[in-house]
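Working notes for the structure below.
Below, all heavy atoms of this structure are taken into account, side chains as well, without hydrogens, waters or symmetry copies. All residue numbers in this chain count up from 1 along the given sequence.
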Amino acid sequence: MADDIETETLVTISNGKSKSKYWIINTLESRSFSWILVDQSNPWKSALSWLMFFIFSICVPILAHIVYQCNTCDYSHRRPFDLIVQLSLSICSTLSFISLSAFARKYGLRRFLFLDKLSDVSLKVRDAYSHQLHRSMKLLCSFIIPCFLADSAYKIWWFSSGGNQIPYIYNIYISHTLACTLLLSSWLYRTSLFYLVCVLFKLTCSLQILRLDDFAKVFERKADVGLILMEHLAIRRTLRIISHRFRAFILSTLILVTVSQFASLLVTTETGSLVNLSTAGELAVILL
């Protein structure tokens, strides 16, 4: 009975008087964020997640590349590397979305992060894992926010300085503002999906590192061979599960990054290619 109560405390949020150590998970699963984080709990949310993915990862990039290719603009506002930028971001977000959808549908966020298994580990490991969880969210923001600010500055400059050269509908100011907002939202959505999967992989690995450190200390103190072997087999099994879950994403990302880097090298070193901050600004951001 005590173990059940302890597990419930670890995995769920408490009442309004006190927060669970894992309140971030509850926030990510809330209605405010469920449409962003590929919630697959029911058909309606699943359809909404796929709709948001289709709009921001497929429709907006394709329309942006067709409409704002700007071949007739001056050299500072041309976008010769836009195809590589859009393809790289969209393919990365597609891989990430498919992976997250599979994880959410098969395991759920809590089981995927092994929160249901924390009752089997020591209190020290639980506290350290809670710290790693909050640290991972900060790490996610530290990657996304600086890049988003850089891309925002570039797109605001591009639309505001392009003037009539950049296509618009009816009112130039409203049209460019809406287009800039959509492009930035698409960029943020696609980038967040990719970094989220990377951070989740790091987080699940961190738990196993904490368990291994704790296992090493237990190994020094105890001489019960049976308990030591059981813990060793449990850690080994979990590592195998993590490897199986992420191997397709890791291999696909490795291939994609290699191809995109090689393609970027070819187009930027091509004879006659105009490479400066205004034409290759977005390419520089995604290559960081």
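Note that the CG atom of Asp151 and the CG atom of Leu188 stand 9.5 Å from one another [nearest 0.5 Å]. To the nearest 0.5 angstrom, Leu200 atom CG is 11.5 Å from Ile242 atom CD1. In this structure, the separation between OG on Ser101 and CD1 on Ile98 is 7.5 Å, given to the nearest 0.5 Å. In this structure, Cys92 SG and Leu87 CG are separated by 10.5 Å, a value rounded to the nearest 0.5 Å.
Ser186 places no side-chain N or O within donor-acceptor distance of the main-chain N or O of Leu182, the cut-off being under 3.5 Å. Put simply, the side chain of Ser90 gets close to the backbone of Ser57: a donor and an acceptor are under 3.5 Å apart. At least one donor-acceptor pair under 3.5 Å links the side chain of Ser260 to the backbone N or O of Val257.
Residue Ile169 places its CD1 atom among 12 or fewer non-hydrogen atoms of other residues, nucleotides or ligands, all under 6.0 Å distant. Crowding of Phe148 atom CZ: a count of heavy atoms from other residues, nucleotides or ligands under 6.0 Å exceeding 12.
Note: Phe53 and Phe97 have parallel aromatic rings, judged against thresholds of 30 and 60 degrees for the angle between ring planes. Below 30°, between 30° and 60°, or above 60°: for Trp158 and Tyr68 the angle between ring planes is above 60°, a perpendicular geometry.
Scanning both residues, Leu193 and Ser93, for their nearest heavy atoms gives CD1-O, 4.0 Å.
Listed by chain and residue number, Phe54 satisfy the side chain to side chain contact (heavy atoms under 4.5 Å, CB included) test with Cys59 (two or more places apart in sequence, or in another chain).
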